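Bear in mind that the values here come from a model prediction, so they are computed numbers and not experimental data. Nothing fancy with the numbering, it's 1 onward along the sequence.
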Amino acid sequence: MRLNSLAMLGFCLFCTATSWAQEPTGDAQSGAPGEADTPASEERPPLPERSVSDAQTLEQRLDKREQQMLQAGAESFLALWLPANVGEPSGAVILVPGDVENADGAAAVGPLRRKLPDAGWHSLSLTLPDPDGDPLPLRDASAGTSAVPTDPANSEGAPAADSPAQTPAADGAQPTDSSAISPEQRRQAHVDRVMARIDAAIAFANQQQAKEIVLLGHGSGAYWAARYLSERKPANVQNLLMVAAQLPAGFAPPLDELIAQLPVATGDFFYKDQATDRTAALKRLQASKRAKLPTYVQVAMKALPGNLNVQEEQLYRRLRGWLKLHIRAAGG
């Protein structure tokens, strides 16, 4: 009996193993994807630039009457506009924020853009592209969105059509292989995008019939404003204000070299608390003396991190004083 039981047990185990071996799997017969046939996950779409996300937040938060969508090359961007609170405005101040700021940045740009209209100046605050963002390809102008056009006199601000970093795709989409873009091409593409946005801002200020146009850059925005004026030399912009100027990482030439090439009246406002800031400011001052720039004025200020309202008011009063005393008329 024991032998018969063992034989029956062995036969049952054999049948069970055979059944498992012959059972159809999802891979072979059922049509359901097996582990080996799981398709590779689709490539995620690129995340929007931080500057784009910031702009979308500002669009939701701020009065629609302040918002202006300007066109720069192939892309549109948000600018914040406030008219002067006087009957006869002195002109327009175009505010260029730093890399970590937006068009309403709390550090300086936001408070200044709201205060300058009380001093008799229109304010136009820009959104700059991310310095590490993918360069955008050019599109045919007929396919662009309706927005304020770039001033034809400054059309060189648009990215070069033959730039290898900006070869347009057939549908105007982003290049799929951004790794093929060299660091040099990426930096040049960023320069082109920034210059095109300042071009568009100046064109908008001209449309508002601003008597004078002043570029005001904060942080690395001061570098971009100075570089724009040094390279482009627009005839209708003769004044530059720099606040806490910084050189953006990976870009050249340094600010002291740009200062020596500036053909405009310049107010250089810096905070003297940090040794590195004092040293950089001294280099700029020395460069201005070597270049014999009679319209370069440097102003040292003390940072007040414990009382930001007082610091903002101090900066506004200093800038307002410079605008009254040192403004240089276009063509003068």
Q: May I ask you to say whether D277 pairs ionically with K272, meaning some side-chain N is under 4.0 Å from a carboxylate O?
A: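 Here D277 does not pair with K272 in a salt bridge, since their nearest N and O are not under 4.0 Å apart.
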Q: Could you label the plane-to-plane angle of the H122 and W81 rings as parallel, tilted or perpendicular, counting under 30° as parallel and over 60° as perpendicular?
A: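 Correct class here is tilted.
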Q: So, the side chain of E59 versus the backbone of Q67: is there a donor-acceptor pair under 3.5 Å, distance only?
A: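 No; zero donor-acceptor contacts below 3.5 Å.
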Q: Please tell me whether Q188 and D192 have a donor and an acceptor in their side chains that are separated by less than 3.5 angstrom.
A: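 Present: a donor and an acceptor within the cut-off.
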Q: Could you pull out the closest heavy-atom pair between E101 and A107, with the gap in Å?
A: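 Scanning both residues, the minimum pair turns out to be OE2-CB, 3.6 Å.
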Q: May I ask whether M195 and L124 are part of the same hydrophobic cluster, defined by side-chain heavy atoms of I, L, V, M, F, W, Y residues being less than 4.5 angstrom apart, directly or through others?
A: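 Yes, one cluster joins them.
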Q: Between CZ of R187 and CD1 of I181, what distance do you get to the nearest 0.5 Å?
A: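 The CZ atom of R187 sits 13.0 Å away from the CD1 atom of I181.
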Q: Considering all heavy atoms of both residues, which atom of A55 and which atom of L78 are nearest to each other, and what is their separation?
A: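 Taking every non-hydrogen atom into account, O-CD2, 3.6 Å.
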Q: Check A200 against Q71 and note the closest heavy-atom contact, atom names and distance.
A: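 Distance-wise, the nearest heavy atoms are CB-O, 3.3 Å.
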Q: Look at the side chain of Q209 and the backbone N and O of N206, then say whether any donor-acceptor pair between them is shorter than 3.5 Å.
A: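 Answer holds: no.
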Q: First locate atom CD of Q286, then atom CD of Q298, and finally report the distance between them rounded to the nearest 0.5 Å.
A: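 Answer rounded to 0.5 Å: 9.5 Å.
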Q: Measuring from atom CG of L262 to atom OG1 of T295, what distance do you get when rounded to the nearest 0.5 angstrom?
A: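 The CG atom of L262 sits 8.5 Å away from the OG1 atom of T295.
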Q: Output, in order, the C-alpha distance, side-chain angles, deciding distance and verdict of side chain to side chain contact (heavy atoms under 4.5 Å, CB included) for I259 and L293.
A: CA-CA 9 Å; I259 290 296; L293 300 178; 4.2 Å; yes
Q: Once you round to the nearest 0.5 Å, how far does OH of Y271 lie from CZ of R278?
A: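 That separation rounds to 15.5 Å.
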